[in-house]
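Structure first, then comments.
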Amino acid sequence: MNDEFLTKLHKVPRPEFADALYKRISRPSQPGFAQMLEQRLTFRNSVIMIALLFVVAACVYAVTDRGWRKVGGIWVQVERTYKLTLEPSTPVPAEELEAQEMDCVTVEEAKEILRFDFRVPAWVPEGFRFEDKICGIDSTSDFAGLYWAGAQERSGIQLMLQNLKWFDMASQEYKVGEPTIWGPVGQCSYKEVQVNGQPAVLVRGEWDYMQRGFAPSGNAPQEIESEWDSKAGLQLHWEDGDVMYHLYAWQNVSAEDLIRMAESAR
Amino acid sequence: MKTRTRVLKGTYTLAEEIDWEAAYKEFLPRVYNFFYYQVNDELLAEDLTAVTFEKAWRGQARFRRDLSAFSTWLFTIARNVATDHFRRKKHDIPLEAVREQADPVPLEETVQRNQDFAQLSFSLSQLPARERELIAFKYGAGLNNREIARLTRLSESNVGTILNRTVEKLRMEMEVNHER
């Protein structure tokens, strides 16, 4: 193809234009948002972003997580802090203390006395010893407490029993109360678990006034505000046969062991 | 064009690949002439060349070396710039545009050359847009038929056929002009 004549139009760009353009484009570019996003949207960054979003969502949830929640059919009251009032106490003479000591009975005796039936865990984590006594109960009691002593102070396991069945005088009928955890728990401290296939609530921690050991001073009631300590222990709450079980452990017990203990109740 | 390639978790990053200075040296005259062959106006060709390189520079992160050669990518941008320009301006090549000659040549030769340029410019301006673009790619940018085919989505043989026919048409017009 005789096409040499077509190259006659060919022209060399002016050097000043070439230099000026090169200077302009070789400046560090300021990438736009979309470009920046495109450049940085790697798999790793995506994972980090998603994780951050979860953290932010968790923070938002933690801040807004207040009030009554129904977890696995059990009512849970969630609070950021726990305000309580310490009433001034007057020293009690020793003889009066002796007189105030409660009568205690064995589990078998308690089952005869109490108006509700209950189960006792047959398995307990190693290092805990069952104290076969239930104190301060009579035939009208709707509450009873069992205790497994640990090797150290405040290291035991406590099981509180609560009869949910009550007699309604107005209708002259027995009714069953709503299963509820006693007292408020801290934000994001609870989750639903299963005990023998039934919903239960596992709570991590407790209010720190238990450790801080507040003592009332003076004659006026003392207002204290307690913070939630998520490392201070474990609680497990479940309902079985119109009885609410509240299991508390403070040290050396894992959530798995606490659930296993609950499931061994018979 | 020299490129330094580096595989980074399965993808390429252009900023570390392209020897931008070498690429600029090689492609500046080609892009410039691609435009000059279509608009026959030095300043306008410079403007469009500048727009092309600025777009390429800004969009370098979008270039995927595994998908296209740098020249194809750059001339795709140039083609889009040209399309935008013609769509906006409906630009006509000025017939009076006669190139200034820097080198001293005899007056008769200068006059003859200027007439040739003017005639060639006029003939180019009379071509349909597609043929004019193919001529600009081939003789302005110095691309081969395969590269032009890739850019224009025509088959390589089709590009060859159209170019042959167009060049023949232009050559005949030039010859007729000389005979006058």
Side-chain angles (χ1 to χ4, degrees), chain A residues 1-65 188 191 204 230 255, chain B residues 8-11 13-15 20-21 24-25 28-33 35-37 40 42-43 45-47 49-62 99-100 102 113 116-117 119-121 123-124 135-136 138-140 142 160 163-168 170-171 173-175 178:
Chain A
M1 180 166 63
N2 183 13
D3 55 3
E4 275 181 19
F5 69 97
L6 276 166
T7 58
K8 283 179 182 173
L9 270 183
H10 229 269
K11 193 168 166 62
V12 178
R14 291 182 300 120
E16 53 270 37
F17 159 70
D19 291 345
L21 176 60
Y22 187 72
K23 275 183 195 156
R24 215 157 73 204
I25 62 170
S26 57
R27 262 188 244 133
S29 60
Q30 299 287 324
F33 178 73
Q35 191 182 339
M36 220 160 65
L37 198 67
E38 193 179 351
Q39 281 173 334
R40 295 181 181 176
L41 203 62
T42 59
F43 176 74
R44 193 192 69 166
N45 288 351
S46 306
V47 169
I48 292 170
M49 263 173 64
I50 289 167
L52 276 173
L53 278 175
F54 271 111
V55 170
V56 170
C59 290
V60 170
Y61 182 72
V63 170
T64 56
D65 184 24
C188 305
K191 71 170 181 179
R204 288 183 187 274
S230 60
Chain B
L8 187 70
K9 290 182 181 173
T11 59
T13 52
L14 183 91
W20 192 255
E21 191 179 348
Y24 183 76
K25 274 182 189 158
L28 177 73
R30 295 172 66 183
V31 171
Y32 173 81
N33 278 292
F35 288 119
Y36 186 65
Y37 266 62
N40 198 27
E42 288 173 36
L43 291 177
E46 283 181 0
D47 285 348
T49 303
V51 171
T52 301
F53 273 94
E54 279 166 354
K55 282 191 173 189
W57 178 252
R58 281 202 305 271
Q60 55 184 287
R62 282 194 286 275
R99 281 167 42 129
E100 290 172 12
R113 190 182 289 182
D116 286 349
F117 288 142
Q119 177 57 39
L120 188 55
S121 299
S123 302
L124 277 174
I135 291 288
K138 181 81 176 180
Y139 299 98
L163 276 172
N164 265 329
R165 204 173 53 216
T166 309
V167 169
E168 191 57 27
L170 288 170
R171 197 174 59 78
E173 281 180 19
M174 293 293 284
E175 281 174 4
H178 273 278

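Throughout, protein chains are lettered first and strands after them, A, B, ... in sequence-line order, and every chain is numbered starting at 1.
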### Query
Which atoms form the tightest heavy-atom contact between B:P29 and A:P13, and what is the distance?
CA-CG, 3.8 Å
### Query
A:A18 and B:L28: which non-hydrogen atoms are nearest, and at how many Å?
CB-CD2, 3.2 Å
If only atom types and distance count, is the side chain of [X] paired as donor or acceptor with the main-chain N or O of [Y] below 3.5 Å?
X: B:Y24; Y: A:Y22; value: yes
X: B:Y37; Y: A:L6; value: yes
X: A:H10; Y: B:N33; value: no

### Query
Quick one: what part of B:S123 sits under 4.5 Å from any heavy atom of chain A, side chain, backbone, both or neither?
neither
#### Entry: Atom group of B:Y32 that falls short of 4.5 Å from chain A, counting heavy atoms
side chain
#### Entry: Gap between atom CZ of A:F17 and atom CG of B:L43 - 0.5 Å precision
9.5 Å
### Query
Taking atom OH of B:Y139 and atom OG1 of A:T7, what is their separation to the nearest 0.5 Å?
9.0 Å
### Most chain A-contacting option - heavy-atom pairs closer than 4.5 Å, from B:E54, B:E46, B:K25
B:E46
